[in-house]
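Worksheet for the structure shown next.
One is the number of the first residue; the rest follow in order along the sequence.
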Amino acid sequence: MPSDASLAEAPRTSPFLPGVPGALDAAWRAALYCFLPRVIFLSWLPLVLAGVTLGGLGWWGWDDANVAVRQALDGWSVSHTMLSWLDAMGWGGLRAMLVPLLLVLLAVPIVVVVCLLLVAGLMTPAVVGLVRARRLPQLQSRHTAPWWQSLWWSGGATLLALAALVLTLPLWFVPFFALLGPPLIWGWLTYRVMAFDTLADLATPEERQTLLRLHRTPLLLMGVVCGYLGAAPAALWALSALTLVLAPLVLVASVWLYTLVFVFSSLWFAHYLLGALAALRAAPTTSSNLTQPATP
């Protein structure tokens with residue numbers, strides 16, 4: 001681990017993709033911080049909560065959910081057309097896997113949202129405090145957002161993301177969109193939630209708005225990268241038909257992988273935004289209402 005004094009420089013910029021070099025710099029620092037004992041310990045908290053809850057639901061409700069989805073497909077003419085097309089293509093063996101696959105596609109977004117909200121609510125404040133103490137101890141807190149404001153922001157972004165997922169669900173069977181659409185939606189959600197929670201207890205509303213405006217492109221790119229990383233645990237479901245039999249256990253393993261991804265995401269956003277906040281306050285062109293604490 002490099003010395004903390006060497007970590008205090010602000011994100012660098014590029015004339016072509018402003019903020020991207022700083023995002024890359026923050027990425028490797030976040031990867032190193034993932035090996036800190038405190039971070040490893042904190043990463044288990046969302047896993048335990050989400051794993052017990054979702055694993056229990058999967059164990060006791062998996063068969064009933066399969067029956068409900070199968071009945072819904074039997075009453076939907078489009079499903080009969082799709083099954084006939086599979087038979088014509090010689091893929092009749094996929095019939096037995098269609099219902100569990102659709103159920104997984106419906107369950108995974110819930111897993112992702114639960115993990116994201118748990119990490120944002122439980123880990124992000126601790127992660128931000130850790131990065132601030134080790135890298136930028138001189139960075140002062142000038143505003144603390146009330147808990148309901150963070151909940152409102154995260155809840156609103158989550159509802160928009162879920163609405164986008166539901167509206168685009170039929171397009172998930174299109175190969176190109178399946179590789180592009182969901183990670184973009186998760187990336188936008190990650191960017192909105194992580195950026196707000198990272199700055200919630202440090203930046204004033206004016207500073208937060210300025211940072212989100214100036215660094216919107218790198219923050220969105222970071223969120224999209226995290227979205228693609230978050231898609232990796234779905235590969236567990238493609239290993240074999242055995243994963244469908246062990247669905248509750250695989251679901252818990254997916255929660256663990258999703259949690260690791262979001263832990264890294266939280267550290268990544270913390271390193272980038274705390275450096276950007278320090279640079280904003282140190283910039284000579286920064287307006288007085290951003291550089292000075294609000295007077296009572």
### Task
Find out if a path of hydrophobic residues (ILVMFWY) with successive side-chain heavy-atom gaps under 4.5 Å connects Trp186 to Leu160.
yes

- Please examine the side chains of Leu219 and Phe269, heavy atoms only from C-beta on, and report whether any two atoms are closer than 4.5 Å. yes

* Non-hydrogen side-chain atoms of Arg132 and Pro137 separated by less than 4.5 Å -> no

With a 4.5 Å cut-off on side-chain heavy atoms, are Thr168 and Ile185 touching? yes

Scanning both residues in full, the closest heavy-atom pair of Ser154 with Val193 reads OG-CG1, 3.8 Å

Taken in chain and number order and not counting sequence neighbours, the residues that satisfy side-chain contact (heavy atoms from CB on, under 4.5 Å) with Gln149 are Ala145, Pro146, Phe196, Arg208

- [ ] Could you tell me whether the side chain of Cys34 reaches within less than 4.5 Å of the side chain of Leu267, counting heavy atoms only?
- [x] yes

**Study point:** Donor + acceptor pair across side chains of His215, Tyr272 (<3.5 Å)
**Key:** yes

task: Taking the side chain as every heavy atom from C-beta outward, state whether Ser265 and Met222 have any atom pair closer than 4.5 Å.
output: no

Return yes if some donor-acceptor pair links the side-chain N/O of Gln209 with the main-chain N/O of Glu206 below 3.5 Å, else return no.
no

Smallest heavy-atom separation, Cys226 atom then Val261 atom, equals O-CG1, 3.8 Å

For Ala26 and His271, the nearest pair of non-hydrogen atoms, with its separation, is CB-CB, 3.8 Å

### Heavy-atom side-chain contact between Val128 and Asp201 under 4.5 Å
no

What one should report as the nearest heavy-atom pair of Leu212 and Ala195 is CD2-CB, 3.6 Å

Applying side-chain contact (heavy atoms from CB on, under 4.5 Å) to Leu139 and not counting sequence neighbours gives Leu136, Leu202, Leu274, Leu277, Ala278, Arg281

Exercise. Do the numbers put Arg38 on top of the ring of Tyr33, so that NZ or CZ is under 6.0 Å from the six-membered ring centre and no more than 45° off the axis?
Worked result: no

Distance col, row Phe35:CZ vs Ile40:CD1, nearest 0.5 angstrom, shows 7.5 Å

Sub-4.5 Å side-chain heavy-atom contact between Val224 and Tyr228: yes

Sequence neighbours excluded, the answer for side-chain contact (heavy atoms from CB on, under 4.5 Å) partners of Val225 is Leu229, Trp268

Just wondering, do Arg192 and Thr158 contact through their side chains at under 4.5 Å, heavy atoms? no

Thr198 and Met194 have their tightest heavy-atom pair at OG1-O, 2.7 Å

Rounded to the nearest 0.5 angstrom, the CG-CG distance for Leu273 and Leu280 is 11.0 Å

